[in-house]
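As the structure is a computational prediction, the values presented were derived from the model and not from experiment. This chain uses plain numbering: 1 for the first residue, then up along the sequence.
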Amino acid sequence: MCPHRPPRGLGAHGTYSPSPDRRTVAVLGEMKELGDTTKAANTDIGRLVGELGIDVLVTVGTTDEMTALADAARPASPLRIESADDPDVLLPLLNRLLKSGDMVLVKASKSVGLEKFANILHAEVPA
């Protein structure tokens with residue numbers, strides 16, 4: 001199984017359900033290894049973000065694929081959508097956006113460099 005396929009199984013397997021007690025924030029960047037299926041896959045992921053009841057979507061990047069992801073998620077109300085042109089402006093955005101208790105999902109190609117933000121967020125969670 002390819003680890004970079006659109007996460008269709010996420011909803012099908014019931015591994016995620018929204019919590020009324022806290023917000024869910026998805027920070028999603030480019031997934032460059034998807035090749036010719038990138039735009040369609042990002043559209044699927046955007047729809048899934050809406051279907052799963054994610055509260056806040058933060059896209060990272062300015063590609064057509066990131067626009068397609070946000071556009072596909074947009075019909076989900078009351079989803080809040082934010083964007084960061086690149087990882088350099090992501091931390092200030094997250095500092096303004098995140099609240100105590102938020103659950104944050106971070107996903108992108110390794111080359112985008114979002115793992116450092118995941119590590120920062122993880123380090124700030126009390127053990």
Side-chain angles (χ1 to χ4, degrees):
M1 182 170 161
C2 174
H4 301 294
R5 282 210 163 92
R8 293 179 192 268
L10 186 61
H13 294 291
T15 56
Y16 168 80
S17 60
S19 170
D21 301 332
R22 62 184 183 177
R23 293 187 318 164
T24 304
V25 179
V27 180
L28 304 177
E30 296 175 73
M31 291 171 273
K32 299 177 180 186
E33 62 283 327
L34 295 175
D36 294 341
T37 65
T38 300
K39 191 167 185 178
N42 277 284
T43 298
D44 288 346
I45 292 166
R47 283 191 204 109
L48 184 61
V49 164
E51 291 169 10
L52 290 174
I54 303 292
D55 299 297
V56 181
L57 168 64
V58 179
T59 61
V60 182
T62 59
T63 63
D64 289 343
E65 292 78 17
M66 290 290 89
T67 301
L69 191 154
D71 287 347
R74 200 170 308 281
S77 184
L79 175 70
R80 177 177 176 178
I81 300 175
E82 299 284 341
S83 63
D85 288 350
D86 57 60
D88 292 334
V89 297
L90 183 58
L91 192 56
L93 174 63
L94 292 179
N95 280 334
R96 286 192 325 271
L97 183 67
L98 295 180
K99 298 177 183 177
S100 178
D102 284 349
M103 179 171 54
V104 182
L105 163 74
V106 179
K107 175 68 177 118
S109 290
K110 190 169 179 106
S111 63
V112 175
L114 296 188
E115 69 274 0
K116 71 180 176 182
F117 298 102
N119 291 335
I120 290 169
L121 292 171
H122 183 71
E124 293 193 11
V125 175

Check this for me: Asn95, atom CG, are more than 12 non-hydrogen atoms of other residues, nucleotides or ligands nearer than 6.0 Å?
yes
Nearest heavy-atom pair of Leu114 and Gly29: which atoms, and what distance?
CD1-N, 3.9 Å
Minimal heavy-atom distance between Ala72 and Pro75, with the atoms involved, is O-CD, 3.4 Å
Should Val58 and Val89 be regarded as members of a common hydrophobic cluster, given that ILVMFWY residues are connected when their side-chain heavy atoms come within less than 4.5 Å of each other, either directly or indirectly?
no
Is there a donor-acceptor pair closer than 3.5 Å between any side-chain N or O of Asp55 and the backbone N or O of Thr24?
yes
Find the distance between CG (Asp64) and CG (Leu69) and round it off to the nearest 0.5 Å.
12.5 Å
Distance col, row Thr38:OG1 vs Met66:CE, nearest 0.5 angstrom, shows 9.0 Å
Could you tell me which non-hydrogen atom of Thr43 sits nearest to which non-hydrogen atom of Ala68, and how far apart they are?
OG1-CB, 3.6 Å
Within a strict 4.5 Å, meaning less than it, do heavy atoms of the Lys107 and Met31 side chains meet?
yes
Is the side chain of Asp86 donor-acceptor paired with the backbone N or O of Asp88 at a distance under 3.5 Å, no angle test?
yes
Using 0.5 Å steps for rounding, measure from the CD atom of Glu82 to the CG atom of Leu57.
9.5 Å
In Å, rounded to the nearest 0.5 Å, how long is the span from CD1 of Ile54 to CG of Leu79?
8.5 Å
Could you give me the CA-CA distance, side-chain angles and deciding distance for Asn42 and Thr63, then say whether side chain to side chain contact (heavy atoms under 4.5 Å, CB included) is met?
CA-CA 11 Å; Asn42 277 284; Thr63 63; over 6 Å; no
Minimum heavy-atom separation for Thr59 to Ala70, with atom names?
CG2-CB, 4.2 Å
State the CE-CG distance between Met103 and Asp21, to the nearest 0.5 angstrom.
11.0 Å
If you measure from CG on Leu98 to CZ on Arg23, what distance do you get to the nearest 0.5 Å?
7.0 Å
